[in-house]
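The structure under discussion appears below in the form of structure tokens.
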Amino acid sequence: MVTLELKLFYKTQRELATAINEIVDAYWDDNVSEDSLKKNIANMYVNNPQKILKQTEFTTILKQQCGKRRLEVIERVLTITGMLEDEKSTGEKAGS
């Protein structure tokens with residue numbers, strides 16, 4: 001297993017996209033665990049939500065830099081961890 005040096009906060013969407021590419025590619029190459037992938041994506045999203053999503057869609061820069069397959073992985077991770085629903089909701093918990 002390889003340890004990637006990922007930041008919590010990114011200055012630009014391009015810098016964030018590069019980090020996303022690194023973690024997803026490392027996962028696909030079996031260099032990082034599924035838990036590590038989930039933890040890193042969750043941390044990136046929590047600390048940089050405006051650089052990842054704009055009105056429930058991935059930003060244009062991320063779409064261009066990361067590509068469809070990587071963003072599908074990111075979307076699944078955010079859904080599995082419960083973060084994507086939170087972003088799409090009105091701020092109220094379901095059923096209240």
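Count residues from 1 along the sequence. These numbers come from a predicted model, not from an experiment.
- Heavy atoms of other residues, nucleotides or ligands lying less than 6.0 angstrom from CD of Gln50 number more than 12.
- Note that CG of Leu16 is 7.5 Å distant from SG of Cys66, once rounded to the nearest 0.5 Å.
- Of the inter-residue distances, the one linking Ile80 atom CD1 with Glu75 atom CD reads 11.0 Å to the nearest 0.5 angstrom.
- Distance CG/Asn21 to CG/Leu71: 8.5 Å, rounded to 0.5 Å.
- Within the 4.5 Å cutoff, no side-chain heavy atoms of Tyr45 are placed close to those of Val77.
- Among pairs with a residue in residues 15-25, those fulfilling salt bridge (Lys or Arg N to Asp or Glu O under 4.0 Å) read Lys7-Glu15, Asp25-Arg70, at least two apart in sequence or across chains.
- Note that the OG1 atom of Thr81 and the CD1 atom of Ile41 stand 9.5 Å from one another [nearest 0.5 Å].
- A 4.5 Å side-chain heavy-atom check between Ile23 and Met44 finds at least one atom pair inside the cut-off.
- With sequence neighbours excluded, the residues forming a side-chain hydrogen bond (donor to acceptor under 3.5 Å, both in side chains) with Lys63 are Glu57, listed by chain and number.
- Membership of the apolar cluster around Leu8 extends to Phe9, as traced through chained side-chain contacts below 4.5 Å between ILVMFWY residues.
- In terms of the side-chain hydrogen bond (donor to acceptor under 3.5 Å, both in side chains) criterion, Arg76 has no residue partners (sequence neighbours excluded).
- The side-chain contact (heavy atoms from CB on, under 4.5 Å) search around Thr59 returns Gln13, Lys54, Ile61, Leu62, not counting sequence neighbours.
- When side chains are defined from C-beta on, Tyr10 does not count as touching Asn47, because their heavy atoms never get closer than 4.5 Å.
- The distance from atom CG of Asn48 to atom CG of Leu53, rounded to the nearest 0.5 Å, is 11.5 Å.
- With sequence neighbours excluded, the residues that form a side-chain contact (heavy atoms from CB on, under 4.5 Å) with Glu34 are Tyr27, Lys38.
- Here Gln65 contributes atom CD and Thr12 contributes atom OG1; the two are 9.0 Å apart, rounded to the nearest 0.5 Å.
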